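Right, one structure below, let's go through it.
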Amino acid sequence: MPSATEERHAGNRLRSDATVRILARVASSAMLGAFLLLLARALPVDTFGQYILAYTLGVVVGLAVGFGAPIRVMRSSAFDDTPTAATLYVAHTVAVSSVFLVAVAGLLLAGLPMIVVAGVLFAYSDTVQNFAQSFLAGTHAHTAASCLVVVQRAVPLVVWGGLTLSGTGLDATALAVIFACTAVTALVVPAVTIGVRGLRAAAGELRRPGAETVRYWALAMSGTLAQLQVSALAVLATPLTVGYFAMATRVTGPLTLLSAALSTVAVPELSRTVDDASTFDRIYRRYRDVVIAYCIVVILAAWPAAWAIVHVVGTKYEPAQLLLTGLIIAAGISSLSQAISAKHIAAGRPDTVTAAIILGGGVTLALLLLAGALDHAGAIWLAPIAGQLLVLAALLSDVHEGGRMTRLVRTHWEKALLAVTVVVLTATAGVAFAVAREPATDTAAHSAGVEVTSAASTSRSANGAGVGGAATTDAAVKILVVGDSFTEGTTYGGKGSSNWTRIAQGRLSDARPDTCPVLLRVSGRGGAGYLTTGIRHTTFASEAQRLLTPDVSAIVLVGSGNDLSHPSRQYRAAVDDTIRAVRKARPDLRVVIVGLSWIHDGPIGPDYLRANRLLADAAKRHGVSFIDPNRSGWYSAPRDHSIVGADHRHPTDEGHALIADHMTPVLEGLARKGKCA
């Protein structure tokens, strides 16, 4: 039994190692997050999606050919098995480097964009760094490991800053060179620790993998399911949705690094004390308590953190705010799973962790495929949460209590956490079902460009009839309304009968009981604009072209704030092209442009002023009508209820009612001049 002094010394060393790793991981996570945010802001959404997709596939390849060495080396080093650790380093380096070199050469010969090559080299750098971190942690070289991870994340930011100051800018080739250099650094550090003699001896000891290697390889491969999430969504979802999800996964990825850093300290320490139940329990409880606190903080900060990220990467990513929230919550849950996994790995039971990860990861991929097939972007954020809850539930419900770990596998807190996890998982399933059902009819109505009517006029035109521009059987003055999420409605307001177009339709029908009815043909698609493609990969021009039939008397273009991130020159050209296309198809058509709505308290944002000024100039050039909601004082009157949602961007039901108050007279004026076709 260790003496009190030895225990105190071991405890101090453990706290010191953990503190160093946590500080290093926090710093490296912040730098990685900043780098990805800057890159997402600098690149087009689809290009950033290509970069992340290449990185994701590269990580999968690295895990596949790495045969679980990064996990196994922590235990080997912990037992002072230096020859095995050195052998694992040589085998891992040879296998991974060979495959990635061939992959990069193939991509270059195939003529694929350099941004794809940069993504693959980023994956290679992270793959070899992951092994280096585990190798150094197992040998108690936590300071070296911490310095390595900080350098790995600092180099891209420092180089980017230097190039920016020089006026050069960071391109795809520079990215590829940066990650090639960081990969070499991650390969050299463990090699210096092993030494030339150790490397020669390890190279001579290489042999075929045994049963133990296969078990850890299976655990490493189970991690590929998480890396395949972007690829699974890309199978059926639109490129823009994939770009949103890719950004969200990469930006929130660093949130799991802190718990991962703790595990690199905890696993070797737990492995050394696996025969000493009391010491094992004490170390594990300290590790567990820190992770629980971290999980709670991450979940509570999910929504404000998502809001802050969107404001950093730009308005073009605003539709991804809910995705970010879901992935942040999932990262918090994942930190708990990592803590429990560390205990199983230290006890030599990787199979338990593998089974849990496969269960949760498989369900997540299935849900993402389903969401992509249904074009149901609003439900994607629930998939990673459900998957992580399943992983946690599987780890907590493990019934294996044999061997030396009988007393430690199932503690009371784990049983309580299992009960909470099952309740939350059930609630998540309920929310997913509700989200899947609630937008089904409404989204179908709006996204397809449906002619909507009020209940008072259903005898003349069935609600939801006329999809895709088909005319109804009875005569009506038809007005096409094209907009973005302000027109479609969101989770914050404007769904179903609360939508401003539905309210306006009802009022128009009630005001014309004995005359030709007014029928609004509505296309509201979140994320869309004159220049920006929405979550369904459409623009105002493409929707106008699809839905503008000969029986339409007027078209109203509403918004869009999704174009704010584009330069004025491109924005102006897109507006001009849209109006020209409409005029070419129907020279006699009345066109009304409604500018961007600033529904917040306080001064109007300068980007909104710029956009509305450009729209007003375009309307004047082409001789069409323009309405500026802000200068017209739509939102200036005092209100008892907030008209802006919790995301500080989209209108609530009250906001939609206010928009309907001002849009109804506009539509009524168009109807009076329209033809009853």
Side-chain angles (χ1 to χ4, degrees), residues 439 441-443 445-447 449-458 460-461 463-464 476-513 515 517-526 528 540 553-561 590 592-600 612 625-645 647 649-674:
T441 56
D442 190 60
T443 301
H446 283 283
S447 66
V450 174
E451 296 173 352
V452 297
T453 66
S454 66
S457 60
T458 53
R460 292 187 292 265
S461 173
N463 209 5
V477 177
K478 297 183 177 66
I479 300 174
L480 175 58
V481 179
V482 178
D484 55 10
S485 54
F486 266 60
T487 301
E488 181 181 19
T490 65
T491 55
Y492 309 104
K495 288 294 187 181
S497 61
S498 299
N499 189 275
W500 73 262
T501 61
R502 298 295 179 97
I503 298 172
Q505 176 68 80
R507 293 174 181 175
L508 290 169
S509 298
D510 293 340
R512 299 163 62 96
T515 59
V518 179
L519 195 60
L520 300 183
R521 182 177 295 172
V522 181
S523 170
R525 298 199 167 197
F540 284 4
S553 296
I555 181 172
V556 182
L557 303 170
V558 186
S560 162
R590 281 182 295 280
V592 176
I593 296 177
V594 180
L596 282 63
S597 289
W598 179 266
I599 59 177
H600 317 282
N612 280 352
S625 300
F626 174 71
I627 299 172
D628 188 333
N630 308 316
R631 292 188 180 276
S632 300
W634 285 16
Y635 313 107
S636 59
R639 297 175 297 275
D640 295 331
H641 302 286
S642 176
I643 63 171
V644 63
D647 65 339
R649 173 170 170 78
H650 292 96
T652 60
D653 287 345
E654 290 80 5
H656 274 265
L658 187 59
I659 295 172
D661 290 342
H662 295 284
M663 282 300 301
T664 300
V666 175
L667 297 169
E668 191 172 10
L670 292 172
R672 283 196 297 268
K673 300 176 182 178

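Please read these numbers as outputs of a predicted model, since none were measured by experiment. All heavy atoms count here, side chains included; hydrogens, waters and symmetry mates do not.
- In this view, D628 and N612 satisfy the side chain to side chain donor-acceptor pair (under 3.5 Å) rule, not counting sequence neighbours.
- Looking at every heavy atom in both residues, K673 comes nearest to R590 through O-NH2, 2.7 Å.
- For the residue pair H662 / S632, no side-chain donor-acceptor distance below 3.5 Å is found, with atom types taken as modelled.
- When the side-chain contact (heavy atoms from CB on, under 4.5 Å) test is applied to I503, the partners found at least two apart in sequence or on another chain are R507, A657, A660.
- Partners of T652 according to the side chain to side chain donor-acceptor pair (under 3.5 Å) rule, which considers only residues two or more places apart in sequence or in another chain, are E654.
- Checked by atom type and distance alone, the side chain of N499 never pairs as donor or acceptor with a backbone atom of H656 at under 3.5 Å.
- The line from OG1 of T501 to CD of E488 is 10.5 Å long, rounded to the nearest 0.5 Å.
- Shown here are the side chain to side chain donor-acceptor pair (under 3.5 Å) partners of S560, two or more places apart in sequence or in another chain: D484, N562.
- For the residue pair G561 and L596, the shortest heavy atom distance occurs at CA-CD2, 3.6 Å.
- Among residues two or more places apart in sequence or in another chain, the side-chain contact (heavy atoms from CB on, under 4.5 Å) test is passed with S498 by D653.
- A donor-acceptor contact shorter than 3.5 Å links the side chain of Q505 to the backbone of V518.
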Before you tell me yes or no, could you show the steps for M663 and V481 under side-chain contact (heavy atoms from CB on, under 4.5 Å), namely the whole-Å CA-CA distance, both residues' side-chain angles and the distance that decides it to 0.1 Å? CA-CA 11 Å; M663 282 300 301; V481 179; over 6 Å; no
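- S597 pairs by the side-chain contact (heavy atoms from CB on, under 4.5 Å) definition with F486, I599, P629, Y635, not counting sequence neighbours.
- Distance CH2/W500 to OG1/T664: 8.5 Å, rounded to 0.5 Å.
- Considering all non-hydrogen atoms of both residues, V482 and I555 come closest at CG2-CD1, 4.4 Å.
- Summarising the geometry of N630 relative to W598, their closest heavy-atom pair is OD1-N, 2.7 Å, with the distance given to 0.1 Å.
- Distance check, rounded to the nearest 0.5 Å: CZ of R631 to OG of S636 gives 13.0 Å.
- A distance of 7.5 Å separates CH2 in W634 from CD1 in I659, rounded to the nearest 0.5 Å.
- For the pairing with L667, the side-chain contact (heavy atoms from CB on, under 4.5 Å) check across V592, V477, L520 returns one residue only, L520.
- Heavy atoms only, all atoms of each residue included: I479 and A671 are closest at CD1-N, 4.1 Å.
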